[in-house]
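For clarity, every value in this text was computed on a predicted model and none was experimentally measured. To find a chain, count down the sequence lines: A is the first, B the second, and so on, and within it residues start at 1.
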There are 2 protein chains.
Amino acid sequence: MSDGDGRTRRRGEELIRAIHAAALAEVREVGVGRLTMDGIARRAATPRSTLYRRWSDPVEVLLDALYHSHPVEEPTPGADDLRGDLIQALRLMVEWAFSPAGLAVAGILTDPGSAARMSEALQEKVFAVRGGTFTATVLRHYAERGHFPAERLTWVVLDLGEALVTKWVIDKGCPPGEAELADIVDQAILPAIGLSGG
Amino acid sequence: MSDGDGRTRRRGEELIRAIHAAALAEVREVGVGRLTMDGIARRAATPRSTLYRRWSDPVEVLLDALYHSHPVEEPTPGADDLRGDLIQALRLMVEWAFSPAGLAVAGILTDPGSAARMSEALQEKVFAVRGGTFTATVLRHYAERGHFPAERLTWVVLDLGEALVTKWVIDKGCPPGEAELADIVDQAILPAIGLSGG
DNA sequence: CAACTAAGCTACAGTTGTGTATCTAATTCT
DNA sequence: AGAATTAGATACACAACTGTAGCTTAGTTG
């Protein structure tokens, strides 16, 4: 699609995708704080001038990369299986969190310099996702169908799964496995909505 | 103890405390990634040479500052009030998390460059604390006294409170208030240990 | 094929941070 | 009081990154 044909010079879309990828890789390696135009350019094997033609600083590049990253897959609650659907929702969250985009967002959220700029353009796209559309989608689905009282859909309950996954990742530095996701659902979410095991 | 007397030049302990404070202030403002000897020195109003005499790079200074920061207050479970003690434990956690040391640790944990070095010397002092000694202390206390079955002390239950506080802080950027702490205890922790309201 | 666009290359001056070194003078110790 | 420390004030060469600018040339478009 891009390599191997006679061309020696990338342009447009292709080049930009390479730069986006470079920005995400770079932030993963050095963190948002040490992100530089130079580093991104070097990694993308393109001159800095190409970057400056489009963006004014490294965080701009990163935000643009995030904006163009694949959207997060949404959980699609299915066949009357609340427990299974919750686990699946958390699985999707983990998958996203360890994607280049997810890791970049994590970095941005704790960076004093860029946390503010995040609010502007990206809240719609990235924040909405991060805010907890994973288990919340599933929980709302089953509450509407009367599997448990809708009054239990408080912020605590809606955040529970994502919060525990996040803490695991921070503590352990690696994604939780199937067993841990099941633990979270069985020992925290289900009890909190009054379904202590079934 | 230090200001106002005739002295014009800080030495030893006093100077070091100023440098530690500068490092913590600096990391709060620019993040771990942009921490520099220069920045710390400027903020502490001391020449860089003074820093290099003791530390070899900015992260060393920061780790040393953390090591010498006040230890976290531990929750002391008291008069047969599980709910109140849990809320108090979370209150202590929030207090620590928003202290200079807490903010610095948060920054370090998500910085690719310094996350590794953290493991070495500081795991004992700072990690142990962060790992969740807040609600865990309280929960173990009451489990031992038979207020609820000890089998429910799983990692999920022990992390629940801290996880939800952390998520609140990341999402909202501000400390949770009393109402939120109560929500966490009432809607997540107590149900998870089988005490759904009383 | 000609004209245009935009990537690639190189250079440059300016800024910030790095380590090191040297000298001075304030504070402490004996 | 005199000696030993050690903070404070420079200064320096080096490196990385910044923006900007000029030029060349590959690729696209009419």
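- With sequence neighbours excluded, the residues that form a salt bridge (charged side-chain N to carboxylate O under 4.0 Å, His left out) with Glu60(A) are Arg117(A).
- For His147(A), the ring-ring contact (aromatic ring centres under 6.0 Å, His included) partners two or more places apart in sequence, or in a different chain, are Tyr142(A).
- In this structure, Arg11(A) has no salt bridge (charged side-chain N to carboxylate O under 4.0 Å, His left out) partners at least two apart in sequence or on a different chain.
- Contacts classified as ring-ring contact (aromatic ring centres under 6.0 Å, His included) and involving residues 157-180 of chain B (residues at least two apart or in different chains) are given here: Trp155(A)-Trp168(B).
- When the salt bridge (charged side-chain N to carboxylate O under 4.0 Å, His left out) test is applied to Arg152(A), no partner is found at least two apart in sequence or on another chain.
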So which protein nitrogen or oxygen atoms get under 3.5 Å of nucleotides 2-5 of chain C's nitrogens or oxygens?
unit_1	atom_1	unit_2	atom_2	d
dT5(C)	O2	Arg11(A)	NH2	3.2

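- Residue pairs meeting the side-chain hydrogen bond (donor to acceptor under 3.5 Å, both in side chains) criterion with at least one member in residues 20-32 of chain A, sequence neighbours excluded, are His20(A)-Asp64(A), Glu26(A)-Arg43(A), Glu29(A)-Arg43(A).
- In terms of the side-chain hydrogen bond (donor to acceptor under 3.5 Å, both in side chains) criterion, residue partners of Thr110(B) (sequence neighbours excluded) are, by chain and number, Thr110(A).
- Axis deviation across the helix from dC1(C)-dG30(D) to dT30(C)-dA1(D) amounts to 30°, comparing end segments of five pairs, rounded to 10 degrees.
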Let me have a per-nucleotide readout for nucleotides 9-21 of chain D, 5' to 3', with B, S or -, counting only protein heavy atoms under 4.0 Å. B-------SBBBB
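- Every residue was checked against the salt bridge (charged side-chain N to carboxylate O under 4.0 Å, His left out) condition with Glu151(A), not counting sequence neighbours, and none meets it.
- Residues that satisfy the ring-ring contact (aromatic ring centres under 6.0 Å, His included) test with Phe148(B), not counting sequence neighbours, are absent from this structure.
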